[in-house]
Amino acid sequence: MVALTANAAGKTELLIGNEAIARGALEAGVRVAASYPGTPSSEILENLAAVAEEAGLYAEWSVNEKVAVEVGAAASFAGLRAIVSFKHEGLNVALDTLCHLNLTGTKGGLVVVVCDDPGGWSSPSENDSRAIVQWLNVPLFEPSTPQEAKDMTRWAFELSEQTGTYCVMRSITRVSHTTGTVVLGEIASRDTPAHFDTSKLFVFVPIIKKHGNLLTKVEQVKEIFEKSQFNYYEGPEHPELVMISSGSGRLYSAEAVECLRLEKRVGIVHLGTTWPVPAKFVEKQLSQTSRVLVVEEVDPFVERNLKVVAADSGWLDRDHVIYGKASGHIKPVGELSPEIVINALARLTGIKHEPRSKEYDERAKQAAKDLVIDRELMWCPGCPHRATFWTIKNAFRLDGRDGFVSGDIGCYALDRRGAGGYLATKIALAMGSGAGVASGLGKLDQFGFSQPVIAVCGDSTFYHAAIPALINAKYNRSDVIMMILDNSATAMTGFQPHPGVGVNAMGKAAPVVDIEGLCRGLDIPVEVMDPFDITENTKRLVELMSDRSGARVVIMRHPCVLLRPPGEKTPFKVSVDISKCRGDECGCAKYCVRAFKCPGLVWDRTRGRAQIDEAVCVGCGVCTCTCPASAIMKEPSE
Amino acid sequence: MSKDKLSVDPLNIVVCGVGGQGNILIARLAGRSLAKRGYIVTIGETYGASQRGGDVMSNIRLSVRHRYGPLIPPGGAHIVLGLEPLETLRILVDFGNPQVATITNTRPILPVTVGMGVTQYPDYDELRRAIAQLSRQVWFLDATEVALGLGSVRLTNMVMLGALVGSSLLPITKAQLEEEIKERFPKDTLKPILEAFRKGLSHTRATGCA
């Protein structure tokens, strides 16, 4: 494989979308890259950080997305090219800076990549970023393949410098995490030194003038987009229907046309630049047909903007119709798929489509009904979060006042999964919100609220957004127990380093920002616990809940089990003493497997007893506390 | 570069299993080797939360004509390579058709709800029968056993990759894929990996399909 930095123009490589975006930035001579981890965006910064030294660039995991944008803006103000990347949820965090940066303008090319997650495969929402980008009124690109992602990234830097505004590229899971063949381009050599020209101002005043400047820039961009190579038509000369697609919609549309053999009847417009809308280009496409089907991910964004152009131009009338999400031909929620697009096109063209014989289909459905069972997500065997939530659940039960967890974003959100979690988490909003909501609940005692609440967040989440909420609780004398689940990792997104681990994105040693010291500095009492000390921790949590004395922090500290090097011995050898386990005859109704839900402890149906699955168990020993007959034993590993 | 016309174009391959079994690596190695031969390759996959014990799949799409999207339409698989038998059946239910060729590992990985005593893993004989009934041709092999024999369960995916190449369903040779493996892994780790690959390969090559 050719390295990401190889100057091998014209060579074809197989890259995942996010690698292609990183390559596009390298080809454009990027100097600074900043990001906060989040699926499906993380590989952009990971790839750039991995080649930082070799390529002479600076890459960082910022503490959150807003700071990442500010780091990118700084480079731009100093004349360097910078790329900032994050997932759609991160755009919300970054928005406060982005909605002023559009007014101040930029100097060095600045590209913001936001990776949406239609269907919410790895996210707490499937929010569509595009309406926000339209509101910011900056250029918006939507690649459909890794090749386009690379080419658009490269071009976005040029456009940013040409127009003095940052550009946004909206990727999606099916582009960022799709691997495809990419023809590489040349890597630009840029050695402009960083310098801030103090004769220039990057400020948002005078506001009316700056707003006016922004509108002028958008008009300029619109003219450029009218001739963009990323907007094009493929199909017959007089199509009876035109599919207008963006992002992944392009290839799904092509597949639908091929599958239904409609090459002579249906054409496809691909719109790669979706804001500002290239109105003249769109009008021309509309003029060749009377029926349009819009194919795009999540919201009817292109669809609505097309309708504006169609109405303004007088095209839209009773005989000229735009189909899509509003018309119900494509469902308004969830991810697109070839099936959805094929069915929509089949319906509009009156073609009957059956992907396989009825007989086979029935056999398959019968097999599914008889044999296929779900495979639920859950905490890993030996996960410290399972031990923590087991403790919390039991502490709430002992307390008896209907306590609950105000949750956050991370692996601990798996508590909300019915199969493997304990369902103690009753509220979950956004990064850092667990503490903020708990801060509010902690002030409701004057209205009769008396339920104990534990706010949880991870270590990376704490730095990202929970600190202001904790300060809020302290300042406003709110009764909050904030539990920081410190597993020394941004585990959910793939173990990127954060301010607590002593390493930076480029693998160099970094100072550790000590959570405990930080809380003590706020004059907040802190206790550090090992989540595996179940009995002691449960007792202490009950005490903490009965004492309403303002903000308190508990750090549950134990490294993520996935950080344990392969081959390292387990802490304990765990076994079930068959002479003590009363199995199906015990009154516990399989309490250990039913309630504790660890994949390493399973029910042996043939013997009617619990047993340790030695291939799965990692020897944390926590399950020993679940058996009423003390049949689960642990002894230190030899 | 030497690319042959494909028997079907696009050729759609689903690689499926349980998070952590290494299906992505299979797709990457096969995909890279095919891309080197000049095929237009697209691989779609879903990761993220799937690392935590959920079902995972990679879609490999291969064409000499043009680029295809990352998702295979329902009923559209030509080859299913399953790293776990329940997952193989799950994929056949959605993507199978009377022409599909299936290669599957026979070793189950139990979903957590089975351990909890809430659900039951399907009867193995019935599972095997259903997989065979939904496939035009099928190879069964205990790739996990082969991998364990070579010292690590983590070699299972390499056994299965070998089985895929040995089936001759893909237009790549043993030598081409071995070249890819040698590029991908450090030299001192290669021996068991190549051995796993070759064992899988000779299994499908020697036994023919069931």
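Letters A, B, ... mirror the listed sequences (proteins, then strands); counts begin at 1. The shown structure was predicted, so the numbers you read here are calculated from the model rather than taken from an experiment. The figures here come from the full heavy-atom set of this structure, side chains too, leaving out hydrogens, waters and symmetry mates.
Between the side chains of A/Thr39 and A/Ser122, no donor-acceptor pair of N or O atoms lies under 3.5 Å. In this model, a donor atom of one side chain and an acceptor atom of the other lie less than 3.5 Å apart for A/Thr493 and A/Gln496. Side-chain contact, A/Ser246 with A/Arg250: no donor N or O sits under 3.5 Å from an acceptor N or O. Between the side chains of A/Glu13 and A/Thr181, no donor-acceptor pair of N or O atoms lies under 3.5 Å.
Looking at B/Arg61, only its side chain comes within 4.5 Å of chain A, counting heavy atoms on both sides. A/Thr145 touches chain B through its side chain: at least one heavy atom from C-beta onward sits under 4.5 Å away, while N, CA, C and O do not. Both the backbone and the side chain of B/Ile109 come within contact range of chain A, each with at least one heavy atom under 4.5 Å from a heavy atom of that chain. Of the atoms belonging to A/Leu336, it is backbone heavy atoms, and not side-chain ones, that fall under 4.5 Å from chain B. Of the two parts of B/Asp94, only the backbone, made up of N, CA, C and O, holds a non-hydrogen atom closer than 4.5 Å to a non-hydrogen atom of chain A. Proximity to chain B (any heavy atom under 4.5 Å) is shown, for A/Asp117, by neither the backbone nor the side chain. Only the side chain of A/Glu258 has a heavy atom closer than 4.5 Å to any heavy atom of chain B. Using a 4.5 Å cut-off between heavy atoms, B/Thr113 touches chain A through its side chain atoms alone. Using a 4.5 Å cut-off between heavy atoms, A/Ala368 touches chain B through backbone and side chain atoms alike.
Ranked by non-hydrogen atom pairs under 4.5 Å with chain B, the options A/Val372, A/Asp604, A/Leu371 are led by A/Leu371. Counting heavy-atom pairs closer than 4.5 Å to chain A, the top residue among B/Val112, B/Leu34, B/Leu110 is B/Val112. Contact count versus chain A (heavy atoms, under 4.5 Å) is highest, among B/Ile72, B/Leu71, B/Asp123, for B/Leu71. Highest contact tally toward chain B, considering only A/Arg174, A/Gln147, A/Arg594, is held by A/Arg174 [criterion: heavy-atom pairs under 4.5 Å]. Taking chain A as the reference chain and counting heavy-atom pairs below 4.5 Å, the highest number among B/Gln120, B/Arg129, B/Glu126 is found for B/Gln120. Contact count versus chain B (heavy atoms, under 4.5 Å) is highest, among A/Glu255, A/Lys365, A/Gln611, A/Lys590, for A/Glu255. Per-residue counts of heavy-atom pairs under 4.5 Å with chain A were compared for B/Leu89, B/Val153, B/Leu127, B/Leu134; the largest is that of B/Leu134. Among B/Gly44, B/Gly75, B/Pro98, the residue making the largest number of heavy-atom pairs under 4.5 Å with chain A is B/Pro98.
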Open item on the list: Would A/Glu362 and A/Lys358 count as a salt bridge (Lys or Arg N to Asp or Glu O under 4.0 Å) here? Give the steps.
Closed with: CA-CA 6 Å; A/Glu362 273 163 21; A/Lys358 209 170 212 151; 5.9 Å; no
Task: Chi angles and distances behind the salt bridge (Lys or Arg N to Asp or Glu O under 4.0 Å) call for B/Glu87, B/Arg90 - done: CA-CA 5 Å; B/Glu87 294 316 313; B/Arg90 193 192 307 280; 2.8 Å; yes
Open item on the list: Under the criterion salt bridge (Lys or Arg N to Asp or Glu O under 4.0 Å), I'd like the reasoning laid out for B/Glu183 against B/Lys36: C-alpha separation, chi angles, the key distance, then a yes or no.
Closed with: CA-CA 13 Å; B/Glu183 272 182 39; B/Lys36 272 191 197 159; 2.9 Å; yes
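Under the 3.5 Å distance criterion, the side-chain polar atoms of A/Tyr422 are matched with a main-chain donor or acceptor of A/Phe596. A/Ser41 contributes a side-chain N or O that, together with a main-chain N or O of A/Gly38, makes up a donor-acceptor pair within less than 3.5 Å.
Electrostatic pairing of A/Arg375 and B/Asp55 does not count as a salt bridge here, judged by no charged N lying under 4.0 Å from a carboxylate O. Between B/Arg107 and B/Glu84, no side-chain nitrogen of the basic residue sits less than 4.0 Å from a carboxylate oxygen of the acidic one, so the salt-bridge criterion is not met.
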